[in-house]
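Below: one structure, written as structure tokens.
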Amino acid sequence: MQERTDAVLFDFGGVFTASPFGATEEFGRALGTDPARLLEIVFGPYDQDTDHPWHRVERGELDLVGARNEILALGEKEGVPADPFKVFERMATSGGARSDMVDRARSIRAAGIRTALVTNNVREFRDAWRRMVPVEELFEVVIDSSEVGVRKPDPRIFELALAQLGGIAPHHTVFLDDYPGNVEAAVRLGIRGILVEADPTAALASLDRILAGAR
Ligand SMILES: [Mg+2]
């Protein structure tokens with residue numbers, strides 16, 4: 001039987017915007033470096049929660065400049081100029097928010113379904129990303145990893161979102177993210193996960209099917 005949906009949790013980067021990972025891969029190709037290696041140097045093993053500087057900055061334990069310096073040092077060991085700031089420059093030129101995703105979040109909330117943003121983010125980016133979408137209008141709850149000190153794929157970040165929404169059951173929840181490891185972490189809790197690819201059309205169709213109660 002199709003479960004009813006009480007809440008939809010959204011990731012931010014790569015869901016409401018183009019993928020940060022895509023920007024990193026482009027940067028890797030431009031440098032003549034293996035894009036996968038560059039991704040690993042800059043963002044660490046992203047399907048895990050570790051002491052890599054990027055994971056610490058996302059948990060709010062390290063400032064952005066400190067993280068950049070540590071990542072540059074990791075790259076230097078392999079002769080790779082792995083400057084996260086160059087990646088962010090590419091992201092900044094990759095367009096604004098996806099209006100189709102913004103519209104969907106708005107209509108979901110208007111339909112009475114609870115909404116939350118669950119984002120691995122950086123304290124220093126806060127003002128910039130919050131200007132990209134009408135955060136207060138779209139989301140009842142905002143969980144920013146750098147504020148709560150917990151980041152995806154740690155299951156506690158999803159549990160925190162569901163608790164702040166008033167105790168929604170995981171199996172009545174849908175989660176959208178562009179990173180497979182994050183979707184898998186949510187699915188392990190019993191949340192229904194949707195992977196958002198570079199073209200979000202299929203993800204939006206999946207979301208519509210789930211909300212319509214069809215398989
Ligand atoms: Mg993302």
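Numbering of ligands and ligand atoms starts at 1, following listing order.
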Look at D177 and state whether any of its N, O or S atoms is less than 2.8 Å from the Mg ion (ligand 1).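 Under 2.8 Å: D177 has no N, O or S contact with the Mg ion (ligand 1).
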Within less than 2.8 Å of the Mg ion (ligand 1), any N, O or S from F21?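 No, outside the cut-off.
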Quick one: pull up CD1 in I191 and CG in L176 and give me the separation to the nearest 0.5 Å.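 Here the rounded value is 11.5 Å.
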Taking just the N, O or S atoms of D178, which one is nearest to the Mg ion (ligand 1)?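 Per the distance ranking, D178 contributes OD1 as its closest N/O/S atom to the Mg ion (ligand 1).
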Atom name in D11, limited to N/O/S, at shortest distance from the Mg ion (ligand 1):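 Answer by atom name: OD2.
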Any idea how F175 and F158 line up, ring-wise: parallel (<30°), tilted (30 to 60°), or perpendicular (>60°)?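 F175 and F158: perpendicular rings.
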Over 60° means perpendicular and under 30° means parallel, so classify the ring planes of H55 and Y46, tilted if in between.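 Judged by the thresholds at 30° and 60°, the geometry between Y46 and H55 is perpendicular.
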When you measure from the centre of the six-membered ring of F125, is the NZ or CZ of R130 closer than 6.0 Å and no more than 45° off the axis?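 Ring-cation test returns no.
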